[in-house]
Amino acid sequence: MSVSIHNVPHSSVEWKTSDFGMLRIGVSGNNRLFRKFSCSCSAKTRNDASLPSIDQLSDARIIYSVASSMGHNQESHPESHFRVPAIVDALQQMQLTSKFRGSEVIQLENFEPASVDDIASVHARAYVSGLEKAMDQASEKGLIFIDSSGPTYATATTYRESIVAAGAGLALVDSVVAASKRSRDPPAGFALIRPPGHHAVPQGPMGFCVFGNVAIAARYAQRAHGLKRVFIIDFDVHHGNGTNDAFYDDPDIFFLSTHQDGSYPGTGKFDEVGSGAGEGTTLNLPLPGGSGDTTMRRVFDEVIVPCAQRFKPDIILVSAG
């Protein structure tokens with residue numbers, strides 16, 4: 001699962017496909033359809049020394065981070081550990097890295113892993129500590145299953161690699177926010193990371209997912225940067241049930257999912273719209289199997305863009321299955 005992050009200063013929304021072949025959310029500065037960006041940091045941010053300079057960040061068009069988690073692997077598993085290296089190789093072949101694009105493209109390196117507090121902003125602490133302790137058992141057995149329904153596994157490196165993957169998203173939030181202080185058209189951020197996250201529920205893992213990477217990034221944006229209103233778009237054949245559940249009663253985080261109707265895990269119906277104070281800030285769009293580019297374009301133009309304009313987010317996160 002990948003996470004695309006774009007900060008919204010004061011802009012109209014422009015939906016594009018980026019050079020990376022994945023969805024990008026761009027902004028244009030013509031109309032003030034979103035509230036003006038402001039940063040009132042209410043919590044300690046991460047180590048800024050690990051980030052590129054503000055001049056480098058401001059000059060970039062794409063900032064990306066990579067966490068391949070090669071040790072988190074089960075032979076012949078559909079969520080292959082070769083997924084991220086294959087994407088990185090494709091970017092090189094398409095000449096879309098800094099080697100070919102210079103200052104337009106920045107890869108973040110040496111970023112900090114997410115902390116336990118970062119992870120626990122979404123997941124139960126008992127789950128986080130339990131997974132860390134289970135690494136001894138995984139080391140002895142080589143591989144264990146951590147989801148009672150069976151498919152989600154862990155190896156001896158899963159805990160460490162999962163907090164590194166979540167940290168890749170947080171580093172991108174920091175980078176895009178930093179760039180937005182200098183530029184009215186800040187870069188987009190993209191995290192090429194695994195294990196995936198959007199099925200992981202607050203209480204534990206699910207559907208090959210360990211920690212909810214985009215959900216953790218959303219809470220971090222609120223806590224560390226004072227970005228109160230967060231708009232999350234999840235596009236995948238499967239419903240992002242874990243992210244859905246994490247914010248189901250939260251009026252400040254709008255979760256929107258497009259997915260194939262009837263697919264795993266069977267959630268994400270039209271009538272699942274949030275509860276309590278969060279009623280109306282969850283929108284699930286189950287689509288018929290085989291819905292193509294024309295359908296998706298209409299959904300973005302006629303549903304997602306108007307929803308974002310009405311919600312007036314401070315930051316937009318995209319969970320790209």
Side-chain angles (χ1 to χ4, degrees), residues 1-6 13-18 20-26 77-80 83 86-87 90 147 149-152 188 190-201 205-209 212-215 218 230-250 253-275 278-311 313 316-321:
M1 173 178 164
S2 302
V3 184
S4 178
I5 303 170
H6 199 106
V13 176
E14 184 179 301
W15 304 90
K16 309 176 184 178
T17 301
S18 75
F20 280 77
M22 302 295 288
L23 181 72
R24 175 188 173 188
I25 300 175
H77 196 277
E79 200 284 294
S80 171
R83 292 172 71 199
I87 296 172
D147 180 353
S149 62
T152 310
F190 200 87
L192 297 167
I193 58 177
R194 60 179 294 276
H198 75 160
H199 293 311
V201 295
M206 183 175 174
F208 311 159
C209 298
N213 301 306
V214 76
V230 183
F231 195 87
I232 300 174
I233 304 164
D234 185 306
F235 71 102
D236 186 46
V237 69
H238 300 139
H239 177 236
N241 62 294
T243 315
N244 182 101
D245 292 356
F247 306 123
Y248 204 62
D249 59 357
D250 191 329
I253 295 186
F254 195 114
F255 174 72
L256 188 153
S257 174
T258 63
H259 49 275
Q260 182 173 311
D261 191 20
S263 63
Y264 179 86
T267 53
K269 305 302 182 185
F270 278 121
D271 59 359
E272 296 175 29
V273 296
S275 65
E279 185 173 357
T281 56
T282 296
L283 179 59
N284 286 296
L285 301 173
L287 303 175
S291 296
D293 292 346
T294 300
T295 299
M296 290 302 297
R297 181 73 196 200
R298 288 193 64 184
V299 167
F300 272 85
D301 289 345
E302 299 177 16
V303 180
I304 298 179
V305 170
C307 283
Q309 290 171 334
R310 284 193 295 270
F311 185 68
I316 297 174
L317 309 180
V318 179
S319 182

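One is the number of the first residue; the rest follow in order along the sequence. On a predicted model such as this, the values are computed, not experimentally measured, just so you know. Hydrogens, waters and symmetry mates play no part in the numbers below; they use all other heavy atoms, side chains included.
- For the pair Ala308 and Pro313, the tightest heavy-atom approach, listed with the atom from each and the gap, is O-CD, 3.2 Å.
- Legend: residues meeting ring pair (Phe, Tyr, Trp, His ring centres under 6.0 Å) with Phe254, ordered by chain and number and at least two apart, are Phe231, Phe311.
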Quiz item: Run the side chain to side chain contact (heavy atoms under 4.5 Å, CB included) check on Val303 and Thr258 step by step: do they pass?
Solution: CA-CA 11 Å; Val303 180; Thr258 63; over 6 Å; no
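- A side chain to side chain contact (heavy atoms under 4.5 Å, CB included) with Asn244 is found for exactly one of Val201, Ile232, Thr267, Thr282, namely Thr282.
- Asp245 meets the salt bridge (Lys or Arg N to Asp or Glu O under 4.0 Å) test with no other residue; sequence neighbours excluded.
- Proximity of a side-chain donor or acceptor of Asp147 to a complementary backbone N or O of Cys209 within less than 3.5 Å is not detected.
- Gly240 approaches Phe255 most closely through the heavy-atom pair O-CZ, 3.5 Å.
- Rounded to the nearest 0.5 angstrom, Phe300 CZ and Ile233 CD1 are separated by 5.5 Å.
- Residue Thr243 comes nearest to Ala215 through the heavy atom pair CG2-CB, 4.5 Å, listed as atom of the first residue, atom of the second, then distance.
- Counting only distance, with no hydrogens or angles, the side chain of Thr281 and the backbone of Asp250 share a donor-acceptor pair below 3.5 Å.
- For the salt bridge (Lys or Arg N to Asp or Glu O under 4.0 Å) test, no residue two or more places apart in sequence or in another chain qualifies with Asp249.
- Thr295 contributes atom OG1, which lies 12.0 Å from atom CG of Leu285 (distance to the nearest 0.5 angstrom).
- Atom NE2 of His239 is separated from atom CG of Asp261 by 11.5 Å, given to the nearest 0.5 angstrom.
- With a 4.5 Å cut-off on side-chain heavy atoms, His259 and Asp234 do not count as touching.
- To the nearest 0.5 angstrom, Leu317 atom CG is 8.5 Å from Ile253 atom CD1.
- Classification of the His199-Tyr264 ring pair by plane angle, with boundaries at 30° and 60°, yields perpendicular.
- Here CZ of Phe270 is found 9.0 Å from CG of Asn284. Values are rounded to the nearest 0.5 Å.
- Rounding to the nearest 0.5 Å places OG of Ser319 at 8.5 Å from CZ of Phe235.
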